[in-house]
Amino acid sequence: MTTNLQPHPETDASAPVNALEVRGLVKHYPGVKALDGVDLVVRQNEVLGLAGENGAGKSTLLKALVGLVRPDAGEIWVRGEKVRLRSVVEAADHGIGMVFQEQSLVPNLTAAENIVLGSEGPGVRRGIYRWDTMRKLAQEQLDKIGSHIDPLARTDSLSFAERQMVEIAKVLRIEERTSHPPVIILDEPTSVLESKEIETLFSQVRRLREFASVVFVSHRLDEVLDVCDRVAVLRGGQSVGETPTAGAVPSDLHRLMIGSTGSDDHYHEGLSERSVADSEPRLVVKGMSGKTFRDVDLDVRAGEIVGIVGVHGSGREDVCRALFGAEPTLAGEVTLDGAKLDLSGTRAAVASGIGYVPAERKIEGMVGPMSVADNMTLTKQKSRCAGPMVVPQKQATLVDKWIERLSIRTPHRGTQIGRLSGGNQQKVVLARWLVAGDIRLLLLDHPTRGLDIGARSEVYRLMRELANSGVATVLLADSLEEAIGMSDRIIVMNDGRATKEVACPSGGKPTPLDLVKEMV
Amino acid sequence: MSTPVIADPASNPAAEPAVVKGGPTLGQRVTSFMPVIALVALLTALTIADPDFLTQRSLTAAVRTSAPLVVLAAGATLVVLCGGIDLSIAALCSLSTVLFAMWLPDMGGLTILAVIAAAGAIGAVQGLAHVLLRIPSFVVTLGGLSIFSAIALVISDAGPIRVVDRDSTKWLNLYVAGYVPMSFFVALLVVAVVSLILKLTPLESFVKAIGYSESAARLAGTPVDKVKVAAFTVSGACAGLAAVMLASRNFSGSPTMADNLLLPAVAAIVVGGTAITGGHGSLWRSLAGALVVTLLRVGLPIVGVPSAWEQILYGAIIVAAVALTLDRSKVAIIK
């Protein structure tokens, strides 16, 4: 610094120019202000974390940065130059690239084809693929990130983590377009990775920092603090603060994100008011076998939350689906409140008072282009009908009641569910099972996947309230901590068998390590 | 995660109501009327090209011609809304004209119902094959197309069969209110009744959920298989009704009578703006689409377009009409 007269770093000739700067970005959607004057600075060779709850505006901001969304007002500056980004290609021309949350690779092409797809350059001559050159181009990209993936491997034969490496290699192609260091945006890169794969990704991010700037978005605050140099927090479409990661703890960020001090009782154990020990078993499973599980015994009492934990391939997801009739059962006896359960299909399960929240919310949980109201009443049609007829007024009253009761944030009951944030979508999916008031057993397959802390907390509270009202719950939790925090009892599954039952009462919870020992 | 939400309730729980007003925007409303707008535009263009076109006689002729196409397209629309396709409608309709002509001497007035029921049953068999054997509807109905054509040829000895008893279908050639041909009136009735049943019952939700995302519909516990079989049944029954219309107008049944209606029916569905990928659309849209297609067929020669140009214009206008009518905000991927 040579002078105090020009305090802004971007106008100070001696200070390094910011790789990327966003000033007062505004974006309206009908009924919704997604961005409300966001400011953001990404310095050169830094990893900037971006945190915020669902609906805070992260996605919209990222889309604006890669030209997928055109802001209504505000400016984007790249290396001290004001730019207009109207497409992904224009963003790439300015050195900005994004690794998408939902992966954007074509599964039936090779890694090499995917890496050069859209920017083949010398890989194509006179319209003909030159495989040698393509492989070499792809290899160069993979070398940049020190990956050993075979460029000629078909993408769908790669693991999820490997595919992500291919995506990063692909995004780094933007270096060909600009002489400046690129800005790489990683949107929720860890949400589907195993912990070992996450470590690999992190070392990759640190390597990227040597020659690029990185914007890293994750729901997991500990990860953000681990891998980033600095974190910026968004709330309600505005920048509400930023902090260097050195010395910061997750609760600092959490406080900024939700605008108040986070509750200590994250899993709402205080809400649990029932003693379930002496209530009748509601679901009793004896010797159930299917394609991927064998001889599973399980019982869940009314008002009880039973977690099933297990590593990938333990068969717990299939047990859950089998109980809902969505997966064939080969043997075994299942009773609900003493009556034999028909496992032949999802219709029979619904008629018995069983509800299922699938892990893949966007594909299996909801019908994106249909309205909030129609999604909510999709299963329990009787709740909006008189005889065979739909009564719109009845539906409106019912849906509005549940929108209010679950504080679902939507402009209108007629809004397409796909336009809501993940947490609100999940609440609608849950409400589907509640509107008729006849739910007896709820099967929750990763109900908080992809949700932020605030939305998770609301789902937890809802689970507690349902348990208190006597609903039996089977929970496949997103993490061991969640399983421990929410469950009254935990079943450990191993290679398709239920191998261990761990009591998990409030005040006597096992540690994650106790469970891991049983899982492997 | 993706899209934004109005306000953060933690910061302001009381002031922000959970629900605010907001319906479809003006643009969205206009989009949903596009098929009608396209129809009016076409009618206007034809009238400008030849002022004599807009007479009661030619309009009456046009809507009477359109009646079988409207019925065929309406039935197949249900299958398309469920995310499938029914390629067998025209062949099944041809077969039905043969059955109609053959059964008429014995069954008299009941033949109409018998043919519709038989065609509906054949549609149901295709639906069951699609659902139970898990074969794509495209393949099942492509097979059906071939099978029904062949059966029609065999039982008719590969030639037309004269309709001997004209009394039982005479009513179809009458006029409602003096101007509207009865067959077209029946076609309107079919569209109206099926649409109303969809609208007033949970069926519309089921059909749309299945069309947009069958796995989500299944996991929500909707009767996916029953609805799909029902759609194929109605599609078959509509082919039977269209056959009655054709046979009563031509005074014969023939194994190839309706074969040239398959592509116009598909064109009518897409021109109406129903997404060929399923979920989005309606029978009303297909009605408008069928009228556009018929007006082009009937109207272009009338206004004096040379026959070579007729085909070119027909193709171009169909594509242009779809460009207008498809509501892209409801269809994620255009294939």
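Chain A is the first sequence line, chain B the second, and so forth, proteins listed ahead of strands; every chain is numbered from 1. All values below come from the heavy atoms of this structure, side chains included, with hydrogens, waters and symmetry mates left out. Just so it is clear, the structure is predicted and the values come from calculations on it, not from any experiment.
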- Task: Would you mind telling me which of Val391(A), Asn375(A), Thr377(A), Ile363(A) has the largest number of heavy-atom pairs within less than 4.5 Å of chain B?
- Result: Ile363(A)

- Task: May I ask you to test the Pro223(B)-Gln381(A) pair for a side-chain heavy-atom distance under 4.5 Å?
- Result: no

- Considering all heavy atoms of both residues, which atom of Phe324(A) and which atom of Leu219(B) are nearest to each other, and what is their separation? CE2-O, 3.2 Å

- Task: Tell me, out of Ala209(B), Ser213(B), Ala217(B), Ala220(B), who's got the most heavy-atom pairs with chain A below 4.5 Å.
- Result: Ala220(B)

- Message: Given heavy-atom pairs under 4.5 angstrom as the criterion, report whether the side chain, backbone, both or neither of Met366(A) touches chain B.
- Response: backbone

- Message: Please give me the minimum heavy-atom distance between Pro202(B) and Cys385(A), naming the atom from each residue.
- Response: CG-SG, 3.6 Å

- Heavy atoms of Gly221(B) and Arg347(A) approach each other most closely as O-NH1, 2.9 Å

- Looking only at Arg384(A), Lys380(A), Glu360(A), most heavy-atom pairs under 4.5 Å shared with chain B are made by Arg384(A)

- Query: Checking Ser205(B) side chain against Asp374(A) main chain: does a donor-acceptor pair fall under 3.5 Å?
  - Reply: no

- Query: Of all of Leu62(A), Val350(A), Leu378(A), which one pairs up most often with chain B through heavy atoms under 4.5 Å apart?
  - Reply: Leu378(A)

- Side chain to side chain, Lys199(B) and Val390(A), heavy atoms closer than 4.5 Å: no

- Do Pro369(A) and Lys208(B) have side chains that get closer than 4.5 Å, going by heavy atoms? no

